[in-house]
Amino acid sequence: MKHGITAASRAAIVLLSFALAAPLCAADWPQWRGPEGNGVSRERNLPINWNSERGILWKTELPEWGDSTPAIWGDAIFVTSHHDDNLLLLRIDKAKGKIIWTRTVGTGTVKRAPIKPKGPDERREQKFHNLQNLASPSPVTNGKVVVVHFGNGELAAYDFDGNQLWHRNLQEDYGNYTVWWGHANSPVIFGKNVVSVCMEDSLADIAKPPVESYIVAHDLLSGRERWRTVRATGAKAEECDAYTTPVFTEVNGQTQMIVMGGNQVDAYDPATGKQLWYLPGIIGGRTVTGPTIADGLVYVTQGKSGPLLAVKIGSEGELSRRDVVWDYKQGTPDSSTPVVWEDHLFAVTDHGVARAFDAHSGRVDDTLRLSGDFKASPVAADGRVYFLNTRGVCTVASAGSHLEKLAENEIDDETIASPAISDGHIYLRGHKALWCIGKDF
């Protein structure tokens, strides 16, 4: 059933409607980049040392493969995967790593193309980078409902027992994706809504009317559309594309949802979809690195390793370059989203140069050369930063003005997904398995 509520789920919806938002525990990691959407965990005494044989509490083989980060709530871990042509959601027991159930959300195939500029006909449908497939968006949960999204537009909600509540497809609803290298934006939950973003090539030079980028909210229990906002930024061709996920902050008692991509950073009222403010002219190409928020600033990177900017979060209307508090141009991430711990921002380039910035001034306090290439975003906890490269090597460094390397740990897996943290453990999602990192050896 593509659009609407399945008959088997009606009773579950009645029960869920009385308890939509379970209380968030410090040990939960409910979405892409954790409980606050910023890659920070408030837990302490996390492991520092491990390898494929030691420090591993359990390892669970997964149907290969995907790049989505696990969503964790209570004793449940949710992971998506793209196995053969099947798009899967798995629930895994957090204590023992046992797969509790697997659901096939839909089916889909991946079309790939060489990484090069596209001609007009090639731009009319998405192709995928060889580092990702349809299981790149991360699941999100509020403790009662888990929502999954896949790169072919499949959007579905399940309860924790694996009953499907609703299922729809955003491409069928709003048109084919024209993002150049495969839709990968993760959904987010705000109150009783789940919000999805699509930032894609407008084809304005070759198609009339142009293709719309948009933000859309659906009711968490029924899947009914609540609001949809067209996001037109004036970007052209590949510059329209963004693979980022919204983040939330509060300004003067109002929740703002901040979106980055299409040469613009802007904010919306997540209850209505109304745009609150915008900063245009952040021109740099397609955007992979997402926004990070701390202390009234949003940190964004202009596409294709452009400058890293710290922007003062606004209240309404158009912002100007005067609202850019600082910028840094000499080596910035193209994929990994930076993380802030206390007064420092930490970023790593795709080729392994990590930097510690003074978060308020943009001063570079230290640089650390790491091994390997990086796509996963770093996470921070208990005064440390965890940098995970694409070959299963995680460097643990001190989170201060001095980036001291504390450990370098390796597992036998390919790791594009970002780490998750819950109940004193670190969870690494590889292409072959989900790894639970426990105590130091």
Side-chain angles (χ1 to χ4, degrees), residues 31-33 37-38 118 123 126 128-129 132 136-138 149 151 153 170 174-175 177-188 195-204 210-217 228-249 256-268 270 273 275-293 297-311 313-314 318-319 323-324 327 332-338 347 350 375 377 418:
Q31 62 184 343
W32 159 242
R33 304 205 74 224
N38 58 5
K118 291 185 175 183
R123 290 167 53 193
Q126 67 174 349
F128 279 76
H129 194 287
Q132 66 149 323
S136 286
S138 299
H149 182 46
L170 299 189
Y174 309 116
Y177 290 150
T178 56
V179 58
W180 281 33
W181 303 117
H183 185 84
N185 312 75
S186 299
V188 292
V195 182
S196 309
V197 297
C198 177
M199 292 177 277
E200 57 189 350
D201 189 348
S202 68
L203 306 179
V211 173
E212 293 178 340
S213 293
Y214 58 87
I215 309 169
V216 62
R228 179 174 177 266
T229 299
V230 174
R231 189 174 185 269
T233 67
K236 299 177 180 179
E238 192 184 8
E239 291 181 0
C240 300
D241 293 345
Y243 307 84
T244 64
T245 296
V247 292
F248 296 95
T249 191
Q256 297 189 1
M257 182 178 67
I258 296 182
V259 178
M260 173 61 192
N263 296 340
Q264 181 169 295
V265 58
D266 49 18
Y268 299 82
Q275 187 185 65
L276 302 174
W277 58 262
Y278 64 101
L279 175 62
I282 308 178
I283 299 171
R286 87 289 182 273
T287 307
V288 181
T289 303
T292 297
I293 295 173
L297 298 177
V298 54
Y299 302 91
V300 297
T301 305
Q302 295 183 201
K304 291 190 175 180
S305 302
L308 173 63
L309 310 178
V311 179
I313 294 175
E318 181 176 355
L319 306 188
D323 295 291
V324 177
D327 61 26
T332 59
D334 183 45
S335 300
S336 301
T337 300
D350 282 33
K375 299 298 181 183
S377 296
S418 301

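Screening V197, V298, V300, L279 for a side chain to side chain contact (heavy atoms under 4.5 Å, CB included) with M260, the sole residue that qualifies is V300.
Counting only distance, with no hydrogens or angles, the side chain of Q256 and the backbone of G314 share a donor-acceptor pair below 3.5 Å. Side-chain atoms of T233 come within 3.5 Å of backbone atoms of G262 as a donor-acceptor pair (strictly under, hydrogens ignored). Between the T332 side chain and the L308 main chain, no donor and acceptor come within less than 3.5 Å of each other. At least one donor-acceptor pair under 3.5 Å links the side chain of D241 to the backbone N or O of W180. For the pair Q132 (side chain) and G182 (backbone), a donor-acceptor distance under 3.5 Å is present. Side-chain N or O atoms of T337 include none that pairs as donor or acceptor with a backbone N or O of S377 at under 3.5 Å. For the pair E200 (side chain) and S213 (backbone), a donor-acceptor distance under 3.5 Å is absent.
Of the charged side-chain nitrogens involved, none lies within less than 4.0 Å of a carboxylate oxygen, so that D201 and R286 do not count as a salt-bridged pair. Taking the charged nitrogens against the carboxylate oxygens, K304 and D334 have no contact shorter than 4.0 Å, which rules out a salt bridge.
Scanning for ring-ring contact (aromatic ring centres under 6.0 Å, His included) contacts around H183 gives H149, Y177, with sequence neighbours left out. Residues satisfying the salt bridge (charged side-chain N to carboxylate O under 4.0 Å, His left out) test with D323, not counting sequence neighbours, are none. Taking the salt bridge (charged side-chain N to carboxylate O under 4.0 Å, His left out) definition, one finds that R33 meets it with nothing, sequence neighbours left out. Applying the ring-ring contact (aromatic ring centres under 6.0 Å, His included) criterion to F128, with sequence neighbours excluded, gives no partner residue. For Y278, there are no ring-ring contact (aromatic ring centres under 6.0 Å, His included) partners two or more places apart in sequence or in a different chain.
The stretch residues 256-266 participates, sequence neighbours left out, in these salt bridge (charged side-chain N to carboxylate O under 4.0 Å, His left out) pairs: R231-D266.
In this structure, A310 and L297 approach most closely via the heavy-atom pair CB-CD1, 4.3 Å. Counting all heavy atoms, side chain and backbone alike, Q126 lies closest to V179 at CB-O, 3.0 Å. Counting all heavy atoms, side chain and backbone alike, A242 lies closest to G261 at CB-CA, 3.6 Å. Scanning both residues, A235 and S202, for their nearest heavy atoms gives O-OG, 4.1 Å. Considering every non-hydrogen atom in both S186 and T245, the closest pair reads N-OG1, 3.2 Å. Of all heavy-atom pairs between S136 and A184, the closest is CB-CB, 3.9 Å.
Taken to the nearest 0.5 Å, the OH atom of Y268 stands 4.0 Å off from the CD1 atom of I215. Rounded to the nearest 0.5 angstrom, C198 SG and N185 CG are separated by 7.0 Å. For the atom pair L309 CG and I282 CD1, the distance stands at 5.5 Å (nearest 0.5 Å). If you take OH on Y214 and CG on L170, they are separated by 4.5 Å, rounding to the nearest 0.5 Å. The CD atom of E212 sits 12.5 Å away from the SG atom of C240 when rounded to the nearest 0.5 Å. To the nearest 0.5 Å, atom CD1 of residue I258 and atom OG1 of residue T244 are 11.5 Å apart.
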Would M199 and V259 count as a side-chain contact (heavy atoms from CB on, under 4.5 Å) here? Give the steps. CA-CA 10 Å; M199 292 177 277; V259 178; 3.8 Å; yes
Worked verdict on V188 versus W32 for side-chain contact (heavy atoms from CB on, under 4.5 Å): CA-CA 8 Å; V188 292; W32 159 242; over 6 Å; no
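More than 12 heavy atoms of other residues, nucleotides or ligands sit less than 6.0 Å from atom NZ of K118.
There is a side-chain donor-acceptor pair under 3.5 Å between S335 and D350.
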